[in-house]
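Read the structure below first, then the notes.
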2 protein chains.
Amino acid sequence: MTPCIKCGSVENIVRSGFIRGKQRMHCKACNLYFTINPPNESSNKKPHQTTIIDIAKALGISPSTVSRALNKSNEINDNTRQEILRVANELDYRPNFLAQSLNRGETHTIGVIIPDIQRPFFAGVVAGIQKVATEAGYRVMICQSNESHHTETLNVQALVASRVDGLLISHSKETNSFEHVKLQLKKGVPIVHFDRVCNEVDTAKVIQEDFSGGFALVEHLILQGYKRIAVFAGPTDLLISKARIDGYRAAHLKYGLTIDEDLIYHGNFGKDEAEKALDYWLSLSQKPDSIFTIHYANGIEMIMALKERNISIPEDIGIVAFGDELIASLIEPSLTVFHQFPFTIGETAATLLIENIINKDSFIPHTKVVKGELIIRKSSLRNRTLTNS
Amino acid sequence: MTPCIKCGSVENIVRSGFIRGKQRMHCKACNLYFTINPPNESSNKKPHQTTIIDIAKALGISPSTVSRALNKSNEINDNTRQEILRVANELDYRPNFLAQSLNRGETHTIGVIIPDIQRPFFAGVVAGIQKVATEAGYRVMICQSNESHHTETLNVQALVASRVDGLLISHSKETNSFEHVKLQLKKGVPIVHFDRVCNEVDTAKVIQEDFSGGFALVEHLILQGYKRIAVFAGPTDLLISKARIDGYRAAHLKYGLTIDEDLIYHGNFGKDEAEKALDYWLSLSQKPDSIFTIHYANGIEMIMALKERNISIPEDIGIVAFGDELIASLIEPSLTVFHQFPFTIGETAATLLIENIINKDSFIPHTKVVKGELIIRKSSLRNRTLTNS
DNA sequence: CTCGTTTTCGGAAACGTTTGCGATAGTTTA
DNA sequence: TAAACTATCGCAAACGTTTCCGAAAACGAG
């Protein structure tokens with residue numbers, strides 16, 4: 001039937017099982033096993049991105065020479081280089097980052113993990129990161145954790161699988177264990193935290209003036225004559241929430257005011273949490289005369305809720321909030337805030353990370369604080385004459 | 001001096017030039033050229049991400065077997081597989097996407113180019129894209145063009161260099177030539193346009209109801225009794241701007257109103273463009289009684305500018321805008337808009353692209369329209385009794 | 001002209017993974 | 001109990017680049 005592909009003998013051929021659907025043969029003469037392959041007819045090359053090899057073939061030279069020409073090596077004749085560059089341009093050659101990265105062991109890419117890109121704060125941070133990264137020749141890969149610990153862990157794994165050169169992380173609210181970060185840190189992956197940082201691991205961090213901001217806002221309220229200041233806080237173990245409340249406490253301490261712990265409400269940043277908090281506060285025998293929200297969005301919600309209940313701001317209740325957006329200045333009454341600079345935070349974090357990547361060994365983690373700014377608006381301005389003081 | 005590394009002879013050695021700083025030798029006996037290398041002392045392995053080879057060595061098997069175990073191949077013993085998985089887990093193995101992608105010829109990554117991530121619309125789109133992509137097992141790489149044609153071109157090249165499986169593009173305002181897109185399309189890169197699309201190239205597109213939205217907004221104004229409707233438009237050659245103005249024209253046509261071309265102002269979405277436009281309109285002998293802004297942000301600006309000039313809204317001038325944000329409902333007076341669904345747009349575009357990637361050959365480009373919604377608010381509600389009609 | 005020197009190029013290994021194919025050993029069938 | 005078969009593994013090529021090192025040729029000085 002089928003002759004041996006080696007000795008050509010026919011009579012010594014026996015069948016020897018099937019392998020992956022194909023009949024396997026055995027030639028007893030030359031002791032050879034083989035299978036019969038249908039000739040591959042579609043051998044015409046598909047259209048593909050042009051490679052260094054395409055250029056080499058077009059010029060009848062070797063790929064290494066082409067590589068040298070493209071990489072400004074000096075071990076190459078200038079005429080050859082010109083020719084290569086010409087052909088490369090002609091074929092619209094784009095170096096394959098995958099191959100380059102695999103070979104060099106670095107991707108020149110940094111991974112970013114944020115809770116939610118739709119929050120203007122994080123969008124600003126990302127923009128800052130991209131600016132610095134692009135200028136330094138780095139690409140950026142963005143993942144959203146959607147405030148889920150599990151997704152965050154998956155994000156870390158995905159980015160590590162992509163072999164990013166470093167990681168920029170702002171933790172989800174849920175995250176209270178940090179094994180996924182520690183693991184990568186142990187493997188030598190540079191990591192920088194920002195905003196929602198984590199003290200359990202030894203990384204560089206970029207934080208805001210959470211304490212000072214909280215202090216400034218509350219001090220402002222106190223100076224405006226408010227005495228019973230309620231706090232709308234985030235989850236109990238969120239670090240930035242803690243720091244801002246510490247500022248709140250410090251301001252009270254400075255002005256000799258006692259703190260009524262009942263006024264501190266721990267919410268979940270949920271949708272109708274503002275209403276709930278208000279219901280709670282207004283049910284107290286000693287009602288608050290002002291509110292400090294840990295997050296500006298809640299400040300907006302509070303204003304809306306208070307307006308619905310016909311409670312006048314800032315007369316009956318004053319409001320201040322941490323964080324700022326255009327909307328805070330446009331709403332009636334405009335909202336007093338501690339303004340953040342998300343873009344700057346992003347820039348700082350990216351700078352720090354790239355520093356860490358480049359000086360992998362000598363880099364010592366440290367923390368940078370990005371200054372904020374108290375912006376006084378109508379929502380807390382009880383005594384208008386004080387404006388110019 | 002130095003013996004030949006081959007025949008050991010010393011007297012036949014002559015020096016033969018320098019090569020990369022090292023003395024090159026020539027043995028005339030065995031006709032061998034060689035250089036002397038200092039022994040490499042730091043041969044202890046650096047810490048690295050664990051590879052398939054590490055696992056193979058740990059178990060004394062071959063890398064291919066490990067690969068098969070990890071890829072659920074059936075050509076592997078179940079006990080071996082268990083062992084491999086155990087070790088892989090122990091060593092926290094993460095497959096190298098670079099190597100995988102290089103080998104498979106696909107990255108399972110889609111590239112996204114948007115003008116500015118800080119614009120809530122695009123942040124919403126990106127979120128929609130990421131949702132669909134993640135569910136389909138794709139990663140996302142985001143680039144910002146910053147409304148610059150040049151940067152956009154660089155973005156395309158960078159993403160192509162990263163060998164993304166497909167491209168999702170919303171063009172910059174500047175972009176009026178599309179060679180960079182055509183080039184990649186010719187090379188077989190799947191591309192889907194969204195929002196700021198381009199009719200010159202044959203790609204799938206996701207657009208909004210630009211025409212219908214413009215029509216609905218202007219019709220609403222007309223029904224409210226407004227007769228001289230000004231338009232604040234974008235650059236003349238921005239496609240979506242054109243379509244929305246076409247809706248404006250159509251509405252006029254339907255109700256037999258003539259169009260005063262003087263009322264159409266082409267701005268650049270710049271910062272004080274709103275003021276300029278107002279100055280211009282108010283300088284006309286026939287002043288407008290309402291304004292339609294192509295972009296919601298300009299609507300907000302208009303409201304602010306009008307309030308400063310003590311022009312009452314909607315009595316003296318009504319305002320409607322294309323696009324929506326939380327702020328539009330909170331500002332006083334609240335802004336009538338044609339609400340977009342950026343998240344849906346992102347989802348649709350990503351779905352389309354992935355479809356295109358998977359059925360690369362059979363896919364035929366088509367256009368999908370994401371419905372919008374007219375939301376009537378106070379800025380255009382001249383006749384309050386009409387609300388319930 | 002000779003020999004050391006420099007310039008310029010090619011070959012091959014390496015990066016980490018997948019996969020076609022052959023090989024071995026054990027298992028079933030007739 | 002051979003012959004036919006199956007299960008399981010290893011080898012090597014391939015993906016596209018970079019880079020080490022050697023080779024050939026051109027160059028230079030004495």
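Each chain gets a letter, A, B and so on, in the order its sequence line appears, and its residues count up from 1. As a basis for the values below, the full set of heavy atoms in this structure was taken, side chains included, without hydrogen atoms, waters or symmetry mates.
The nearest whole Å value for the distance from the NZ atom in K72(A) to the P atom in dT17(D) is 15 Å. We find that CG of N103(B) is positioned 15 Å from C1' of dT17(D), with the value rounded to whole Å. One atom, CZ of R81(A), and another, P of dT7(C), lie 14 Å apart when rounded to the nearest Å. The interatomic distance linking Q82(A) (CD) with dT8(C) (C1') rounds to 15 Å, in whole Å. Following rounding to the nearest Å, N74(B) (CG) and dT6(D) (P) show an atom-to-atom distance of 13 Å. Atom CD1 in I84(B) sits about 12 Å away from atom P in dT8(D), given to the nearest Å. Atom CD1 in I53(A) sits about 10 Å away from atom P in dA14(D), given to the nearest Å. One interatomic measurement links the two molecules: CZ of R104(B) to P of dT17(C), which rounds to 11 Å at whole-angstrom precision.
Looking at T80(B), its side chain has no donor and acceptor atom pair within 3.5 Å of the base of dC9(D). Judged by atom type and distance alone, R68(B) reaches the base of dG10(D) through a side-chain donor-acceptor pair under 3.5 Å.
Considering only side-chain atoms of Q100(B), the nucleotide from dG11(C), dT18(C), dT19(C) that sits closest is dT18(C). Candidate nucleotides dT8(D), dG16(C), dG10(C) were compared by shortest atom distance to the side chain of N96(B), and dG16(C) ranks first. Distances from the side chain of A99(A) to the nucleotides dG16(D), dT19(C), dG16(C) place dG16(D) closest. If you check dT18(D), dT19(D), dT17(C) against the side chain of Y93(B), the one that comes closest is dT17(C). Between dC15(C), dG10(C), dC11(D), one nucleotide has an atom nearer to the side chain of I61(A) than all others, and that is dG10(C). Of the listed nucleotides (dG10(D), dT18(C), dC9(C)), dG10(D) has the atom at the smallest distance from the side chain of S62(B). Relative to the side chain of I76(A), the nucleotides dT17(D), dC11(D), dC9(C) differ in distance, and dC9(C) lies closest.
Of the possible polar contacts, none joining the Q144(B) side chain to the K131(A) backbone as a donor-acceptor pair under 3.5 Å is found. Side-chain atoms of N103(A) do not come within 3.5 Å of backbone N or O of A99(A) as any donor-acceptor pair. Checking side-chain atoms of N155(B) against main-chain N and O of I113(B) turns up no donor-acceptor pair under 3.5 Å.
Contact check, N71(B) against dT18(C): a side-chain N or O comes under 4.0 Å of OP1 or OP2. Between dT18(D) and S67(A), a contact under 4.0 Å exists linking OP1 or OP2 to a side-chain N or O. Contact annotation: S64(B) side-chain N/O to dT18(C) OP1/OP2 distance is not under 4.0 Å.
When heavy atoms are screened at a 4.0 angstrom cut-off, T51(A) is found touching the sugar-phosphate backbone but no base atom.
Side-chain atoms of S172(B) and H149(B) include no donor-acceptor pair closer than 3.5 Å. Side-chain atoms of T107(B) and D165(B) include a donor-acceptor pair closer than 3.5 Å.
Between N77(B) and P95(A), it is N77(B) whose nearest contact on DNA chain D lies nearer the 5' terminus.
Between D78(B) and R81(B), at least one side-chain nitrogen of the basic residue sits less than 4.0 Å from a carboxylate oxygen of the acidic one, meeting the salt-bridge criterion.
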